2 protein chains.
Amino acid sequence: MAHGHLDLLLLAVLRRGGPQHGYAVIAGLREASDGAFDLPEGTVYPALHKLERDGLVQSEWSSEDGRKRRVYALTGAGRTALVARKTEWAMFRSGVEAVLA
Amino acid sequence: MAHGHLDLLLLAVLRRGGPQHGYAVIAGLREASDGAFDLPEGTVYPALHKLERDGLVQSEWSSEDGRKRRVYALTGAGRTALVARKTEWAMFRSGVEAVLA
DNA sequence: CTGCCATACCTAGATGATCTAGGTATGGCT
DNA sequence: AGCCATACCTAGATCATCTAGGTATGGCAG
């Protein structure tokens with residue numbers, strides 16, 4: 001579904017919406033993309049974990065409302081990576097468009 | 001490198017350039033994309049075989065110039081599939097753009 | 001006050017696409 | 001005669017993503 005651009009999408013959603021928990025990331029992605037990206041939790045949670053291992057996001061358990069949630073936030077490296085992924089996306093996109101033209 | 005859109009790209013190159021052999025498909029893709037997609041043979045040949053299994057392309061051995069080449073051509077189903085993949089690409093692309101905006 | 005649904009998190013293993021890393025054969029040029 | 005570019009191929013590795021489960025809890029309907 002996200003075809004190799006999942007990291008880009010997750011980082012972008014965190015940028016748009018600020019720090020938020022995984023379930024909200026899923027909902028945010030679905031809404032921002034007008035339903036185009038309705039990803040299963042089994043896709044998103046492991047991807048967030050990997051972003052954290054790579055230092056692009058940071059997480060913290062929060063208990064506001066009494067509900068336990070893990071809130072993710074972009075790190076500096078994450079912001080930098082987002083810019084890089086956007087550039088890669090632009091090149092990918094224009095490559096495809098050129099072939100289709 | 002082609003991130004799940006390889007079929008689209010191969011079908012599009014065959015559409016652009018007409019029937020051609022695998023090595024030419026690789027070169028055509030590289031040139032049409034301005035170097036963005038320089039795919040290894042080990043990626044493209046199996047992908048062409050799969051397109052043929054799926055009935056989207058048809059191949060024939062040709063021996064013009066004395067050189068043995070397998071020439072691939074789009075089938076009717078291939079043309080139809082190309083239209084569908086283009087639509088999927090457009091949705092994918094606008095989904096990503098919407099999230100990035 | 002109880003049962004159920006939405007929320008919220010998680011992981012193991014399957015799947016599938018693509019790449020790596022080999023291999024073969026031949027035509028044309030030096 | 002030897003070498004390089006062309007031209008084809010496949011087995012197995014790798015990696016991203018999905019499937020298919022699992023747990024726990026807050027809030028609402030009945």
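What you see is a predicted model, and the numbers here were worked out from it, not measured in a lab. Every chain is numbered from 1 and lettered A, B, ... according to where its sequence line falls, protein lines coming before strand lines.
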(request) Would you kindly say whether A:Ser59 and A:Arg70 are connected by a side-chain donor-acceptor distance under 3.5 Å? (result) yes
(request) Verify, without hydrogens or angle tests, whether B:Gln20 (side chain) and B:Gly18 (backbone) share a donor-acceptor contact under 3.5 angstrom. (result) yes
(request) Rounded to the nearest angstrom, tell me the gap between atom CG in A:Leu8 and atom P in D:dA16. (result) 15 Å
(request) Measure the distance from CE on A:Met1 to P on C:dG16 and round it to the nearest whole Å. (result) 16 Å
(message) If you take any heavy atom closer than 4.0 Å to DNA chain D, which residues from residues 21-54 of chain B end up in contact?
(response) B:His21, B:Gly22, B:Tyr23, B:Glu41, B:Gly42, B:Tyr45, B:Pro46, B:His49
(request) For A:Ser33 and A:Phe37, indicate whether the former's side chain and the latter's backbone hold a donor-acceptor pair under 3.5 Å. (result) yes
(request) Check the distance between D:dA16's P and B:His5's NE2 and give it to me in whole angstrom. (result) 16 Å
(message) So, OP1 or OP2 of D:dC9: does either fall under 4.0 Å of a side-chain N or O from B:Arg70?
(response) yes
(request) Grab the CH2-P distance between A:Trp61 and D:dA24 for me, whole Å please. (result) 13 Å
(request) Measure from CZ on A:Arg67 to C1' on D:dG27 and round the result to the nearest Å. (result) 9 Å
(request) Kindly give the heavy-atom pair with the smallest separation between A:Met1 and A:Ala36, and that separation in Å. (result) CE-O, 3.7 Å
(message) Could you tell me how far apart A:Tyr72 (OH) and C:dA8 (P) are, to the nearest whole angstrom?
(response) 14 Å
(message) Distance check needed: D:dA16 C1' versus B:Leu6 CG, whole Å only.
(response) 16 Å
(message) Determine whether a donor-acceptor pair (N or O, by modelled atom type, separation under 3.5 Å) exists between the side chain of A:Thr75 and the backbone of A:Leu56.
(response) yes
(request) Examine distances only and state if a side-chain atom of A:Arg16 and a backbone atom of B:Val99 form a donor-acceptor pair shorter than 3.5 Å. (result) yes
(message) Just the rounded figure in Å: distance from P of C:dC19 to NE2 of B:His3.
(response) 9 Å
(message) Could you identify the nucleotide paired to D:dG22, looking across every strand shown and requiring Watson-Crick or G-U wobble geometry with both distances under 3.5 Å?
(response) C:dC9
